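Data first, discussion second: the structure below is written as structure tokens.
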Amino acid sequence: MPDLAQDRMLLPTYEFKQDLIDAIREHAFLVIIGETGSGKTTQIPQYILEEMPEIKKIGVTQPRRIAAITVSKRVSEEQVTSLGKEVGYTIRFDDRTSSTTRLKYMTDGILLREAVQDPMLNQYSVVIVDEAHERTLETDVLFGLLKQTHRLRPDLKILVMSATLDVEKFSDFFDECPIFEIPGRTFPVQIVHHQSMKIQSLKSNFVSTAVETAFYIHTTEKSGDILVFLTGQADIERACQEFGDKCKELNYSRDVKYYEAEYRDDDVRDVAIYPLYASLETMEQRAVFEPARPGKRKVVFATNVAQTSVTIPGIKYVVDSGFVKEKSYDPNTGMDALLVTSISQAAATQRAGRAGRTAPGKAYRLYSSDSYDHMPPDTVPEIQRSSLLSTVLALKRMNIVDILHFEFIDKPDETLVMKALTQLFLLGAIDHNGVITDLGKQMNSFPLSPYLSRVIVSSAIEHECSEEVLTIASVLAGDHDLFRAPSPRQGEDVVAEAEKCKLKLAHHTGDHMTVLNVWRTWRDNDESKRWSRDNWVNHKALVTAKSVRSQLIDIMKDLKLPLVRARRIEIEKSGRKKDGRSRETVREVDAVPILKSFLTGYYTNVANKATGRSVFSHYSPDQHFGEKTSHSSSALVALHLHPLCALSDMFDRNKTKYSQIDWVMYMQVTYTNKAVMKGVSKILLDWVRSGKGHERIRQLASANLNGESAKITSKKRKQLLADDSTPASSAESSDTDAGTGTDAELEEDRKRLRKLEIDKIRERALARRNLN
DNA sequence: GAGCACTGC
């Protein structure tokens with residue numbers, strides 16, 4: 001049995017133990033830099049535990065659930081206690097702490113939730129924010145909150161731990177606190193740049209270049225596994241294919257001396273090729289983490305999962321394409337853009353570092369060192385490229401009313417904040433003075449987007465169908481697709497079979513009721529994994545939804561919101577003509593109250609379909625008020641159905657359902673090379689017009705949403721709200737109702753504007769990156 | 001006809 005106590009003394013942090021303790025005693029804030037393997041995450045909290053008996057409780061945050069679990073397990077072993085006693089962890093759905101817990105690892109989201117309950121964080125004497133360099137949305141908000149808490153509770157110790165060297169920003173933010181540097185224990189990585197390649201020209205062919213480079217490494221470098229960073233599933237599958245083809249050629253020519261000579265290391269002629277991205281089934285992923293068999297070289301084509309979330313043992317060579325797929329939220333259109341962009345220097349460093357975990361390594365960058373020099377030093381923090389709806393609501397809940405002047409380490413764009421405030425007002429979560437309402441408080445209790453929370457509340461108190469809505473919301477809350485799509489490689493029969501399964505489960509009103517159908521059929525089949533597999537349903541999505549659902553039920557009970565089953569209605573179905581009679585009545589859940597509930601949250605996400613076309617255009621309710629408000633800017637973006645949507649014509653070869661679509665609501669829209677909606681159901685426009693929320697649009701202009709009293713005049717606010725980057729033509733067209741002009745003319749307009757909008761979105765996404 | 005990565009009382 002290994003001597004854990006002795007191992008601990010061998011870690012780089014050990015020789016700084018006393019200095020660290022002294023520094024923590026002396027200062028309220030401390031920044032600690034420690035590279036991977038320094039032991040900072042496991043050791044420093046233990047030093048405090050052991051050497052500072054006056055400390056009550058230590059909280060350590062991690063950006064990922066897995067890290068919170070594994071680290072706390074390790075530490076409880078080192079402390080020779082069982083997990084959950086002195087040392088424990090808390091993550092969503094899993095609390096392994098008790099009244100005796102003095103060291104608690106948790107996700108940053110948990111601490112954020114706790115801060116809403118108790119802004120003073122009274123249970124903690126020390127709070128440690130780990131992996132601060134990742135700059136997650138939650139960490140950034142915690143920074144601001146912790147600084148505020150410190151003013152009220154000067155005894156609270158706050159430690160920020162980060163891997164990057166560029167931490168002066170953290171220190172500056174926390175009153176220029178001292179920075180402690182702990183040497184890491186990684187191996188040197190030699191960096192090789194493709195000197196004649198500019199990153200701009202690489203963009204069109206980085207996949208093939210990456211494959212060639214990996215192949216070059218395989219044939220010329222000594223043993224050691226290869227990790228190739230690409231951007232997404234499509235890239236990765238193509239790369240695996242191309243690399244495999246190249247290797248086949250090579251094996252075919254084994255007898256030819258020329259090829260033989262290319263091997264520098266005779267032991268690794270054979271390769272095992274692995275794709276790695278998050279949506280891979282767990283089983284398919286597992287093999288990547290096992291060592292390759294002797295004589296084989298592992299070649300892994302991966303997304304950014306491999307940059308932060310998972311570590312693959314044995315990697316000696318890294319190929320860095322220089323690109324990443326990055327999500328950024330556009331407050332003007334309310335759309336998420338998911339675009340391939342070049343990475344930051346910090347990301348490049350992190351990728352290269354993956355080659356030196358167990359031995360000296362080598363990183364091949366597909367771009368020149370000049371291109372590297374021109375990359376932005378840091379990735380834009382998440383808070384500057386996300387919707388701030390939940391964040392702003394949580395801050396308002398903590399009575400932080402003036403969000404625009406909240407102390408963020410990096411301020412989000414004002415448009416981003418104003419958009420969140422506007423939407424929260426439209427949802428009824430804040431009032432005219434920017435103060436949270438009772439409804440807003442209820443909404444904040446749910447671990448969901450404020451849109452979905454609004455829907456749930458409404459289903460309980462207005463539309464009497466919370467049982468069903470809860471189910472649908474639980475599934476939609478996760479971003480797994482409910483159906484799995486077969487790869488075309490599996491053959492036409494399989495594709496057809498999958499489509500048949502989906503058609504069988506699809507509901508004619510769209511995705512919401514389809515979710516309910518799938519859920520109930522899954523329950524009827526004992527929640528069996530086999531049933532999911534056979535019916536091309538994503539089992540994981542349902543299992544996760546099940547725990548979410550029971551969590552939501554607990555919250556409903558706390559809030560005293562009733563759980564009500566939706567009414568059943570009798571529907572006449574034309575059955576088979578067995579005995580000459582063709583009718584049969586069935587009792588079914590009434591879709592109307594359910595869809596109406598969803599509309600209370602998503603009434604600004606409504607689109608209508610151009611006649612005979614597959615394109616939708618966004619509807620702005622204020623068209624009917626004859627005035628233009630901020631959110632009307634997206635009025636003419638062309639929207640497309642995601643192919644997995646129940647209403648997509650993929651399910652309906654005769655396109656009967658499809659042609660009957662007039663108005664729809666959607667839960668989400670993402671722009672990649674066009675704007676694609678997910679979670680789409682048919683609605684009636686009257687439901688929108690008669691909805692409560694609709695009226696709030698009119699009231700918007702006179703509200704002081706940020707809540708800073710009279711600091712911003714209403715004129716100034718209108719300016720802030722107005723989308724001045726929208727082309728004038730689009731602004732005008734959004735004022736005129738779709739009733740004027742012929743269909744053909746409108747279609748022309750839409751086409752033209754769609755192009756403008758798309759260029760704008762791309763431009764803005766890029767501009768935001770370059771700004772920072 | 002489409003899927004970067006995380007997360008939540």
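A, B, ... follow the sequence lines: proteins, then strands. Residue 1 opens every chain. Quick note: numbers below take in every heavy atom, side chains included, and nothing from hydrogens, waters or symmetry partners. Everything numeric in this text was worked out from a predicted model, so none of it was measured.
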Sidechain N-carboxylate O distance under 4.0 Å for A/D479, A/K678: no
Run the salt-bridge test on A/R135 and A/D410 with the 4.0 Å N-O cut-off and return the result as yes or no. yes
[N] phosphate, OP1 or OP2, under 4.0 Å from [X] side-chain N/O:
X	N	answer
A/K678	B/dG3	no
A/T308	B/dC6	no
A/T303	B/dA5	yes
A/T672	B/dG3	yes
A/R65	B/dG8	yes

Report the nucleotide, chosen from B/dA2, B/dC4, B/dC9, that has the shortest atom-to-atom distance to any side-chain atom of A/L338. B/dC4
If you look at every strand shown and take non-hydrogen atoms under 4.0 Å, does A/V305 touch a base, only sugar-phosphate, or nothing? sugar-phosphate
What nucleic acid atoms does A/I110 come within less than 4.0 Å of, heavy atoms only: base, sugar-phosphate, or nothing? sugar-phosphate
Check the pair A/Y89 / A/D94 against side-chain hydrogen bond (donor to acceptor under 3.5 Å, both in side chains), numbers first and verdict last. CA-CA 8 Å; A/Y89 69 86; A/D94 195 4; 2.6 Å; yes
For A/Y277 and for A/A485, locate the closest nucleotide of DNA chain B by heavy-atom distance; then report the residue assigned to the nucleotide nearer the 5' terminus. A/A485
